[in-house]
Structures are given as C-alpha cells and as structure tokens.
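Since the structure comes first, as structure tokens, the remarks are kept for the end.
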Amino acid sequence: MPNWSFLNSGLLLNGLTATSYVNETQFSTGYPACDSIIHAGLADRLLLPTDTEYAARISGGGTGYWSWNSRQHPFCIVQPRSAEEVSKVVTALLEAGDGSGDWHIAVRAGGHSTGGFNNIDNGVTIDLGNLNDTTYDEHTNTASIGAGAHWVNVYHELDKHGVLVTGGRDGHVGVGGFLLGGGSTYFMGTHSFACDSIKNYEIVLADGRIINANKDENADLWKALKGGGANFGIVTRFDMEALPNTKLAYRVRLMSFEHHKRLAKDFVDFTNTYEDHPNDALVFFMRGAPKLKQSLMGALQVNTEGKTEGTGLAKIDEVPHLPIPNTGSYEIKSLYESALHPLAGDQWAAQATICFANRQELVEKGIQYHEQLVQDLKQTVGNNFTTYFFFQPIPTHAAKISEQKGGNVLGLDNAADHAVLFTATALVLTSQHDKVIAQAKINSLVTTLKRDSQELGGNVDLVYMNYADSAQDPLGSYGAKNVEFLTKVAQQYDPEGLFQTRFPLGFKISRTNKL
Ligand SMILES: Cc1cc2nc3c(=O)[nH]c(=O)nc-3n(C[C@H](O)[C@H](O)[C@H](O)COP(=O)(O)OP(=O)(O)OC[C@H]3O[C@@H](n4cnc5c(N)ncnc54)[C@H](O)[C@@H]3O)c2cc1C
Ligand SMILES: *[C@@H]1O[C@H](CO)[C@@H](O)[C@H](O)[C@H]1NC(C)=O
Ligand SMILES: *[C@@H]1O[C@H](CO)[C@@H](O)[C@H](O)[C@H]1NC(C)=O
Ligand SMILES: CC(=O)N[C@H]1CO[C@H](CO)[C@@H](O)[C@@H]1O
C-alpha cells in the first residue's frame with residue numbers, strides 16, 4: 001500500500017520542522033541541497049522557511065543580522081554544532097549538486113559584515129552561531145574561540161580566568177569575519193592586528209578534512225588566513241594568545257565642529273608619536289544627521305593600562321567636549337564592560353574604506369567631504385540617515401609587530417608612512433534604493449579622496465577588508481607578492497577552487513584585479 005500520509009504532513013510544510021522528515025526519505029524539503037543535510041543525519045540542525053527561528057535569524061534584533069543588507073532568504077539555514085558537523089555539511093552540500101541552477105552556499109559567523117557576504121537568496125546559509133564556545137588553557141595561555149561567537153561573550157568567559165584577547169571593540173561583532181579580515185582593536189599600538197595574535201586555526205577544507213594551521217603545521221595556510229578572508233575553507237576555531245585582563249581607561253567625547261582643524265592636527269600628531277605611547281588607542285570620528293546644524297566631532301579614547309593622565313591623548317583632552325549624556329568622563333572598566341553597548345544596527349548600511357598617509361591635509365579633506373556628503377544625502381535620501389566617518393591610526397611600528405609574530409598578508413610590511421584607516425559609513429532607514437544612492441555617493445567620495453592622496457604623495461594601498469564595499473578589491477590591495485601567495489595557498493588547500501565558486505560570497509582571490 002502506498003503511504004499517502006505525506007498529504008497531511010510532509011508535502012505541506014506547515015508547522016513542520018526538518019526533524020519530521022528524517023525517516024521519511026521519500027519526502028523532500030523541496031531542495032536537494034537541504035535534503036542532503038537531512039540525509040547526512042543533521043535534520044535537527046536545519047531551519048526551513050516555515051520554522052519561526054528561520055525568520056528570527058534573518059531579521060534584526062538580538063539574533064538577526066546587524067544590517068538589513070543581509071536579509072536574504074536562503075532555501076534553508078544549517079546550524080552545525082561542531083567542526084565534525086561543519087565537515088559533514090560542507091561535504092553534503094558540495095555533493096548535492098554543481099550549482100548549474102545558480103544556487104550557492106553562504107557562511108555566516110557574527111553577521112556584522114554589510115557587503116551582502118553572509119547570507120544568500122538562491123542557496124543555503126551555513127550559520128556558525130552555535131560554534132560559540134570560549135575556553136582558556138592557562139598552561140599554554142591560549143584562548144580557544146568558536147568562529148560563531150560574539151566578542152562580548154568571549155570577553156565575559158575570559159574575564160572569569162583573568163585574561164582577555166585582542167578582539168573587537170563592539171561586543172556584538174562576530175569573531176569569524178573580524179579575525180579573517182585582520183581585526184582593528186584597542187591594542188594596535190602593542191599587538192598590531194588581532195589576527196597577529198592567532199596561534200592556530202582549526203579549519204574545514206572543501207574535501208571535508210579538518211586540519212590545523214599554525215607556525216609548525218600548515219604554516220603557509222596559517223599566514224594566509226591572517227587577513228586572507230574566506231578563500232580556503234571554513235574556520236571553526238581560533239586559538240589566540242591571551243593577555244592579562246587589565247582595566248581600560250575609556251571614554252567617548254563629542255566635540256563641536258568648530259574644533260575640526262585642531263582635532264585633525266591632534267589626530268595626526270597622535271599617530272606620528274604612537275610608538276612612544278603604544279598603550280593608547282584613538283578612534284577619531286564624525287557623526288552627521290539631517291537634523292544636526294553641524295556635524296559632531298568625536299573621539300573614542302582608550303588607554304589599555306587604565307591611565308587617564310600623562311598619556312598620548314593629553315593634547316586631544318584639551319579640546320572641550322559637549323555636555324552630552326554618557327560621554328565625557330573616563331571610566332575604568334574591563335574590556336568586557338567596554339564591549340557591552342554595541343552600535344545599534346537594523347538599518348540599511350552603506351560603507352567603503354581606504355587608507356592614506358598620516359597627513360593633516362588628507363584628514364581635513366575627509367572632514368570636508370563628510371560635510372558635503374551630509375548635504376548631498378539631505379537632497380537625495382531625505383530625513384532618515386546618519387553618517388559616520390572613522391579615522392584610525394595604523395602606525396608603521398604595528399607592521400613590525402606583525403612581522404615579529406609571523407607576519408600577515410595585509411601588505412603593510414614596508415610601509416614608509418604611518419597610515420590612516422579611513423571608513424565612510426551611512427546608515428539609512430528608508431529603503432534599499434536610498435541605501436544604493438548613499439553607497440554610490442560614498443564610493444565616489446572615497447575615489448576622490450584616494451586621488452587626493454595620490455596627488456599629494458600620500459597614497460597607501462591597503463583597502464581594509466572588514467570595512468570594504470563589495471565593489472572594492474581588498475585582496476588586490478595587499479600587493480602582487482601577497483596576491484601570488486594567497487593564490488598559491490588557495491590552490492593547494494582547495495585544488496578544485498570550491499571556495500571560489502560554490503562559496504562565491506565575499507572577497508575572492510580568483511577575482512582579484514591582479515597587479
Ligand atoms: C558596529 C560595528 C563595529 C565594528 N567594529 C570593528 C572594529 O572595531 N574593528 C574591525 O576591524 N572591524 C570592525 N567592524 C567590521 C567587522 O570586523 C566586519 O563586519 C566583520 O566581517 C564582522 O565579522 P562577523 O563574523 O560578525 O561577520 P559575518 O558577516 O558573519 O562574516 C563576514 C564574512 O566572513 C565570512 N566568514 C565569517 N566567518 C567565517 C569562518 N569561520 N570561515 C570562513 N568564512 C567566514 C563570511 O562568509 C562573510 O563573508 C565592525 C562592524 C560593525 C557593524
Ligand atoms: C527513525 O526511525 C527509527 C527506527 O524506526 C527510530 O528509532 C527513530 O526514533 C526515528 N527517528 C525520528 C527522528 O523519527
Ligand atoms: C551559544 O549559542 C547558543 C545557541 O544560540 C546560546 O544558547 C548560548 O547562550 C550561546 N553561548 C554563548 C557563550 O554565547
Ligand atoms: C521610514 C521611516 O523611518 N520614516 C521616518 C523618516 O523620518 C521622519 C521624520 O523623523 C519620520 O516621521 C518617518 O517615520
């Protein structure tokens with residue numbers, strides 16, 4: 001007798017979770033790719049569009065994506081809980097088809113990137129959110145961190161052991177994407193990029209193998225992963241060198257626009273002398289909004305040893321700040337506490353980045369272009385947007401620290417000048433159309449500023465992956481030698497190029513504008 005029970009269960013997905021299908025192999029989710037996960041024994045790791053958690057995972061709020069840019073709707077979301085399960089998922093999905101129908105695979109860690117790299121409409125999203133364990137081994141002073149964790153949870157766990165790692169500043173940012181792109185932190189002056197403190201990567205390759213990459217084992221892959229992005233496999237765990245859990249001196253100050261020239265100079269001086277005060281951190285920023293008469297100038301000021309006086313920030317401290325609640329005075333707090341107030345997302349986000357040499361006239365141009373952008377967006381986008389421009393120092397001595405720790409692929413090794421990492425961001429509430437307008441304005445502005453830097457002899461090639469728009473070429477910016485190296489390593493660990501083709505999202509070495 002044929003079993004017709006699917007008429008009132010399997011065929012109509014209403015209210016059913018993937019688990020119901022486990023023993024009913026004649027029924028299909030409707031997608032061979034999702035069925036392949038069931039056949040691999042991972043039905044209860046699957047979220048189908050009919051599951052309530054599926055919608056929650058895609059929307060904003062606590063568990064969703066940071067920006068609306070990532071609200072694609074995959075065939076299904078798969079949430080592996082171990083490296084072994086990631087391996088099974090990768091193998092099942094790659095065997096499920098060749099993608100000739102143009103379905104592909106996305107990988108999500110913390111979900112904070114804004115380039116549309118972490119979710120997919122036609123395809124399956126591998127969600128690493130359950131790989132969120134943090135453990136600490138005091139014998140080796142190593143923190144082992146799951147790729148899907150958020151920094152605030154990492155710090156909370158490490159706090160219990162009296163240690164920290166040089167991770168993200170905003171606690172809700174994810175570990176995976178952040179570390180694969182480099183990682184700019186409060187510890188730039190003493191430890192350079194976050195990726196430079198990674199001792200070992202556990203990674204699942206396209207052929208399903210789970211391997212380690214460190215200075216002794218697969219050392220070429222270890223180096224390539226330090227800034228090389230999602231080109232080699234899925235990293236499941238990062239083992240990082242831990243530091244004593246010092247208290248930070250932390251404050252955010254907002255200042256009147258009238259001080260902008262003075263602040264540009266102070267920022268440049270801070271960067272020029274960074275090596276002499278390496279425990280300080282400064283993120284200089286601007287904030288604009290349609291209702292503000294003038295943009296605000298801002299400084300996020302940190303000393304990682306808890307000092308509030310006699311630091312490299314003393315000159316900036318002389319600029320008076322505005323009496324705005326929750327800003328102004330120093331707080332002495334742990335890295336965990338400082339990560340507790342993430343920047344709210346739930347908007348469309350437009351963003352692009354370049355670096356330039358640490359020259360006051362280039363910082364001032366950035367400031368001037370910010371004011372133009374705000375006027376432009378008032379005309380085009382209207383009343384619902386916020387702009388942020390960020391300026392962060394990358395001193396030449398940081399590259400030397402990276403080198404001592406085994407080197408990364410960002411291409412800063414022989415930098416003659418201190419660099420300024422510049423990011424232009426606009427958050428838009430109204431529509432995707434308005435976001436595209438804002439993105440075009442930002443890309444045009446960044447192109448102009450790049451040209452200015454070239455004309456003034458202040459060009460720095462680096463396009464920092466973690467802030468880059470999908471139209472930019474961060475991997476290409478690392479220089480010919482690094483592009484060649486990354487190409488070789490990708491070919492060695494993924495000979496079929498599956499992380500270039502079946503995992504097409506993000507910055508791919510095969511698509512780099514070769515120098
Ligand atoms: C509010 C905010 C604050 C930020 N602050 C900082 C900062 O202080 N310093 C800084 O450097 N950057 C910062 N960023 C940028 C941030 O580093 C990037 O957005 C980064 O991509 C976030 O990582 P994620 O895991 O959350 O991202 P996701 O969007 O989940 O991942 C980003 C990309 O990496 C890939 N990926 C992620 N994990 C893996 C993995 N394990 N294996 C293979 N591929 C993977 C994804 O497929 C995707 O393409 C900030 C961003 C925001 C929105
Ligand atoms: C599948 O069938 C086996 C054997 O009949 C049973 O033990 C198991 O519980 C079933 N699994 C599910 C998820 O229904
Ligand atoms: C890890 O993720 C699970 C499932 O999303 C969640 O319940 C748990 O609280 C998370 N743990 C940590 C330490 O963040
Ligand atoms: C879509 C949206 O958020 N629209 C808002 C834009 O701003 C005006 C004025 O602040 C609001 O009234 C709208 O609701």
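Every heavy atom of this structure was used, including side-chain atoms; hydrogens, water molecules and symmetry mates were not. Both ligands and their constituent atoms are indexed starting at 1 by order of listing.
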(request) Compute the shortest N/O to N/O distance between Phe117 and ligand 1 and return yes if it is under 3.5 Å, no if not. (result) yes
(request) Using distance alone, determine whether Gly174 and ligand 1 share an N or O pair under 3.5 Å. (result) yes
(message) Can you check which of His150, His112, Met188 brings a heavy atom nearest to atom 53 (C) of ligand 1?
(response) His112
(message) Tell me every residue that passes side chain to side chain donor-acceptor pair (under 3.5 Å) with His191, counting only those two or more places apart in sequence or in another chain.
(response) none
(request) Out of Tyr467, Phe507, Phe232, Phe178, indicate the one that has the non-hydrogen atom closest to atom 14 (N) of ligand 1. (result) Tyr467
(request) Would you check whether Ser113 has a nitrogen or oxygen atom less than 3.5 angstrom from a nitrogen or oxygen atom of ligand 1? (result) yes
(request) Among all protein heavy atoms, pick out the one at the shortest distance from atom 9 (O) of ligand 3; state its residue, atom name and that distance to 0.1 Å. (result) Asn132 ND2, 4.8 Å
(message) Check for me whether Pro342 has a heavy atom closer than 4.0 Å to any atom of ligand 1.
(response) no
(message) So for Leu128, does at least one of its heavy atoms come nearer than 4.0 angstrom to any atom of ligand 1?
(response) yes
(request) Provide the number and element of each atom of ligand 3 under 4.0 Å from a heavy atom of Asn130. (result) 4 (C), 5 (O)
(message) For the 3.5 Å polar cut-off, considering only N or O atoms, please tell me whether Asn118 and ligand 1 meet it.
(response) yes
(message) Just to confirm my output: which protein heavy-atom neighbour is closest to atom 24 (P) of ligand 1, and how far is it?
(response) Gly110 N, 3.5 Å
(message) How far is atom 1 (C) of ligand 1 from the closest protein heavy atom, and which atom is that?
(response) Asp170 OD2, 3.3 Å
(request) Establish, for the pair Arg108 and Tyr65, whether the NZ or CZ atom is under 6.0 angstrom from the six-membered ring centre and no further than 45 degrees off its axis. (result) yes
(request) Can you pull out the closest protein heavy atom to atom 15 (C) of ligand 1? Residue, atom name and distance to 0.1 Å, please. (result) Asn466 O, 3.5 Å
(request) Taking Asn231 for its side chain and Ile509 for its backbone only, find out whether a donor-acceptor pair lies under 3.5 Å. (result) yes
(request) Would you please determine whether Tyr464 falls within less than 4.0 Å of ligand 1 on a heavy-atom basis? (result) yes
(request) Can you figure out which of Gly177, Gly129, Ser67, Gly167 has its heavy atom closest to atom 25 (O) of ligand 1? (result) Gly177
(message) Once you restrict to heavy atoms under 4.0 Å, what part of Ala147 touches ligand 1? Side chain, backbone, both or neither.
(response) side chain
(request) For ligand 1, indicate whether the residue Leu180 contacts it via side chain, backbone, both or neither (heavy-atom separation under 4.0 Å). (result) side chain
(request) Assess Gly168 for proximity to ligand 1: is some non-hydrogen atom of it under 4.0 Å away? (result) no
(message) Students should be able to answer this: which protein heavy-atom is nearest to atom 28 (P) of ligand 1, and at what distance?
(response) Gly111 N, 3.5 Å
(message) I'd like to check which ligand 3 atoms, numbered from 1 as shown, lie under 4.0 Å from a non-hydrogen atom of Asn153.
(response) 14 (O)
(message) Just to be sure I'm reading this right: ignoring hydrogens, which of Met465, Glu202, Arg169 gets closest to atom 8 (O) of ligand 1? Compare them by their nearest heavy atoms.
(response) Arg169
(request) Using distance alone, decide if ligand 1 has a nitrogen or oxygen within less than 3.5 Å of any nitrogen or oxygen in Val173. (result) no
(request) Flag the pair Phe284 / Phe267 as yes when their ring centroid distance falls below 6.0 Å, and as no otherwise. (result) yes
(request) Would you mind listing which atoms of ligand 1 come within a distance below 4.0 Å of any non-hydrogen atom of Ala109? (result) 25 (O), 30 (O), 37 (C), 38 (N)
(message) Using the ring centroid of each side chain, check whether Tyr464 and Tyr467 are separated by less than 6.0 Å.
(response) yes
(message) Pairs of nitrogen or oxygen atoms closer than 3.5 Å, one from Val235 and one from ligand 1: do any exist?
(response) yes
(message) Tell me whether Val107 has any N or O atom under 3.5 angstrom from an N or O of ligand 1.
(response) yes
(request) State whether Arg251 and Glu331 are salt-bridged, where the test is any N-O pair (Lys NZ or Arg NE/NH1/NH2 against Asp/Glu carboxylate O) under 4.0 Å. (result) no
(request) Please check atom 11 (N) of ligand 3 for a protein heavy-atom neighbour under 4.0 Å. (result) yes
(message) Under 6.0 Å between ring centres: does that hold for Phe390 and Phe422?
(response) no
